[in-house]
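Have a look at the structure below before the remarks.
Numbered from 1 within each chain, the chains take letters A, B, ... in sequence-line order. Just so it is clear, the structure is predicted and the values come from calculations on it, not from any experiment.
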There are 2 protein chains.
Amino acid sequence: MKKITITDVAARAGVSKSTVSQFLNKRFDYMSKETKERVEVAINELEYQPNIIARSLKQRTTRTIGVIVANILHDFSTRVIRAIEDYCHEEDYHVIVCNADDDPVKEKRYIDMLRAKQVDGIIAFPTSKNTALYQDLITEHYPFVFMDRLVPGIETDTVLLNNHEAAQLAVDQLVANGYRKIAMLAPPLYDPITPRVERIEGYKASLETHDICLNSSYVISARLEEMEEQIEKLLSLSDPPEAILALNDRVMIQLLQYVKDKQIRISDDVAVIGIDDVTFASLYTPALTTIAQPAFEMGKKAAQLLFNQFHNEASQGNRRVYRFSPQIIIRESCKRKENGALQ
Amino acid sequence: MKKITITDVAARAGVSKSTVSQFLNKRFDYMSKETKERVEVAINELEYQPNIIARSLKQRTTRTIGVIVANILHDFSTRVIRAIEDYCHEEDYHVIVCNADDDPVKEKRYIDMLRAKQVDGIIAFPTSKNTALYQDLITEHYPFVFMDRLVPGIETDTVLLNNHEAAQLAVDQLVANGYRKIAMLAPPLYDPITPRVERIEGYKASLETHDICLNSSYVISARLEEMEEQIEKLLSLSDPPEAILALNDRVMIQLLQYVKDKQIRISDDVAVIGIDDVTFASLYTPALTTIAQPAFEMGKKAAQLLFNQFHNEASQGNRRVYRFSPQIIIRESCKRKENGALQ
DNA sequence: CTGAAAGCGCTTACAG
DNA sequence: CTGAAAGCGCTTACAG
C-alpha cells in the first residue's frame, strides 16, 4: 500500500531518478529510444503518479490559484468562478474557492493561508478593508487581480462592470417609456463597495441628463431585512415613484417579494427594472427587463490577466482597470400598458 | 525580495531550525521562555510565513480537499459547496472546486490530478462511470465520499436525498388536493443518475399507493432543449394531465418558461409542483409548492464523513449511505381554486 | 532544553 | 545520452 515514488520507478527501469524525471518532464532531447521505453513501461507497470507537492516545492509553482468571493451563493460570483475554473482547467490549474463574507478578517486569513500554501495567484472580490495587505502583495509582485470592486490606491488589474453605464441604461429605458418618477433601491452604503456607489452615482447623473430633479426620498439604501419596510414607506409617499430601479439581484428579489405580498401589479401599478439578470427574469410575469453583466467574460478576463502576470514580470508596471459593458435585456416590466408617452 | 525561510528565522534568533520548527508546531514542553521569545521576535521581525508546501511534503497532509460537482452553476451544488467550505474553514482546510460536467473523462482527470496534488480527500457528485477508479480509491483506503448519487458496487460514505420520499410527498400533496391525472417531467434517463431514477420510481410507487393507474404517456423524459416540445405534446393529449411534477429545478424552469410563453395559468389550468426549492418559488405567481432538499445539512454531513475518514482508519469497514429527508413547502401552485374534492 | 542529521519526493545544473 | 549530488523548506526521531 506504500506510495510508489520516482525512486521505485528508477529502480524498476534500471535507470537513475534523474532520467525518470527527464522523462516526466518530456525532456527527450538526449534520451535513447530504449531507455525512454523502459521508463515508460516501469511507470505503467507501477501505476506511478508523481507527487506534485514535491515538484511544487522545487519548482516554486503549484499550478493552483485562489479565488476569494464574498459569497459563492451569489449568482454573479458563481458564474465568475465557473468561468475562471474553466479557464484554469484548460491550463491545467486548479482553483481553491473561499468565501470571505465581506469580512476583512476572514479575507486576510484566506489571503495569508493561500499564500502560505504557495498558490500562484489570487483573484478576489476585495472587501477593500485590508489596504496594507493589498499593498504588500503589490510590493512583493505577487500576482493578483481584483474583481467587481475597485480599491482606492491599489494599482492592480481589476475587472468590473461599467456601473455608471448600467444605471444609465436602466434610467434611459425608463425615461424612454415615459417614466420620470424613478426610485432607486440599494443595499447599505456604509461600506463603500464600488458597484453600489457607482450605480447610485450613475442613477443620479442619468436623471440629471434627462433634466429630472433628484428626489432624495426616492433613493433607498437599506439592509435586505429592512427593505420591505422601506419599500412600504416609499410607496406610501404622497407623491410615490412610478418606476423602481433595483440595484442588484438581491434587492430585486426583496422588491418582488414585497410586490407579491401586497398584490401590487408590476408595470400597471409600478414599473420595475433591475441590474443583474436574475435567472427567472424571462419566466416571471411580467417578464423582467434587466441590465445584465457579462459574468463569464469577466471571469475569463480576470483569469487571463492573472496568467499574464505569471508569465511576464514586466506587466507589474502597468496594471489596469478593465470595464465591461452591461447589456440591457428588454422584456415587459417597464413598458407602459397604454404605450405611454414617448416624451 | 527573497522569500524568508525557517533558516533565516533560526539565524536571526540564534537557534537551530529544529527549535524554530518546534515553536511553529507549538511544542513548547521543553522550551525555555527565553528562546521562545527570541524565536517569536525573529518571526515577527522577519514577517516569516512558513511554506506549507514544504510542510505538506514531510507531513503527508495538505489540509486541502477536492470537491467535484457536475456544475457549480447548479443551485444545489452551490449550496453544498458553501456548506463544505464553511466546515473546512472551521477546520483550517481549503477546498478545490472542480466541474466535471457529467463527463467521466473530465472526472477521472480531476480525481487523478487532485490525488497527485495530495489532497487529503475528495467529495464528489460521481458521474458513476469510472467504477474501476472508484474501486481503486477504496482499496487504497483513500478518503472520499459521494454526494447526491449512489454508485452500484462502490461501498463508500454517500449522502443523498430520500428521493423516493420526495416524489411521494409531491404525489401525496397533489392527490390530497384532488388531482389524479399527474404527469412527471424528467431529464434524460439514458445515464442512470440516482436522483432521476429514484424520483421516477417514487412517483410510480406513489401512484400505485393511491390506486392510480400509471399512464405511460404522462411520464416525459427529455433533454432540456426538447422539453418544451414534449410538454406541448403532453398537454395536447386527448386526456391531458391536470397536474405536473417537475423532477428538478432545471426541468421546472423549462416548464415555467413554456407556461409563460403559452399563457397557461398554473393552478387554474394545470397544477404544478417541483422537487428542489427554486429561489423564486415564493415570489412567483402563484407561489410554487416545492419539495426542498436540505442542501446545507447534506454538504455539512459529507464534510463530516470525510473528516471522520481522515481520523479513524477503522471507518473503512463500515462506510454507509445517509439519506436526508426532503421537506414539502406548501404554497399555491397545486391548490385547487374551487377547493377541490378532498377525495 | 536544544541541535545535527536524515528525509519527504521531486528537479536541475553539471560532469562524464 | 545518463547519473551523482545538491537542494527546495520543512519535520522528526535521536543524541547530548
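D:dA13: no Watson-Crick or G-U partner with both key distances under 3.5 Å is found in any strand. Under the Watson-Crick or G-U wobble criterion, with both distances below 3.5 Å, D:dA4 is left unpaired in every strand shown.
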* To do: For the pair A:Thr64 and B:Lys117, evaluate side-chain hydrogen bond (donor to acceptor under 3.5 Å, both in side chains) and give the outcome as yes or no after the intermediate values.
  => CA-CA 10 Å; A:Thr64 304; B:Lys117 282 194 180 170; 2.9 Å; yes
Please write out each protein N/O paired with an N/O of nucleotides 6-9 of chain C under 3.5 Å, distance rounded to 0.1 Å.
from, atom 1, to, atom 2, distance (Å)
C:dG7, N3, B:Lys58, NZ, 3.4
C:dC8, O3', B:Arg60, NH2, 2.5
C:dG9, OP1, B:Arg60, NH2, 2.6
C:dG9, N2, A:Ala54, O, 3.3

List the atom pairs, with distances to 0.1 Å, where a side-chain N or O of residues 39-46 of chain B and a protein N or O form a donor-acceptor pair under 3.5 Å, not counting sequence neighbours.
from, atom 1, to, atom 2, distance (Å)
B:Asn44, ND2, B:Glu40, O, 3.4
B:Glu45, OE1, B:Arg12, NE, 2.8
B:Glu45, OE1, B:Arg12, NH2, 2.7

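The phosphate of C:dC1 (OP1 or OP2) has no side-chain N or O of B:Thr35 nearer than 4.0 angstrom. Phosphate contact (OP1/OP2 of C:dG3, side-chain N/O of B:Thr19, threshold under 4.0 Å): present. Taking side-chain N and O atoms only, B:Ser18 has no distance below 4.0 Å to OP1 or OP2 of C:dG3. Residue A:Ser56 has no polar side-chain atom (N or O) positioned under 4.0 Å from OP1 or OP2 of C:dC10.
Distance CZ (B:Arg38) to C1' (C:dT2): 11 Å, rounded to an integer number of Å. Straight-line distance from the CD1 atom of B:Ile52 to the C1' atom of D:dT11: 13 Å, rounded to whole Å. If you measure from atom CD of B:Glu37 to atom C1' of C:dC1, you get 16 Å, rounded to the nearest angstrom. In this structure, CD of B:Gln22 is placed 10 Å from C1' of D:dA13, rounded to the nearest angstrom.
Within the cation-pi definition used here (under 6.0 Å to the ring centroid, within 45° of the axis), A:Arg79 does not qualify as a partner of A:Phe76. Within the cation-pi definition used here (under 6.0 Å to the ring centroid, within 45° of the axis), A:Arg149 does not qualify as a partner of A:Phe125.
Across all strands shown, A:Ser21 has heavy atoms under 4.0 Å from base atoms, whether or not it also approaches the sugar-phosphate.
The 12-atom threshold is not exceeded at NZ of A:Lys300, counting heavy atoms of other residues, nucleotides or ligands nearer than 6.0 Å.
Qualifying side chain to side chain donor-acceptor pair (under 3.5 Å) partners for B:Glu107, counting only residues two or more places apart in sequence or in other chains: B:Thr127, B:Asn130, B:Tyr134.
Heavy-atom distances to DNA chain C give each of B:Val15 and A:Gln59 a nearest nucleotide, and the one nearer the 5′ end belongs to B:Val15.
Here the options are A:Val159, A:Leu160, A:Ile68, the test is side-chain contact (heavy atoms from CB on, under 4.5 Å), and the partner is A:Met147; only A:Val159 passes.
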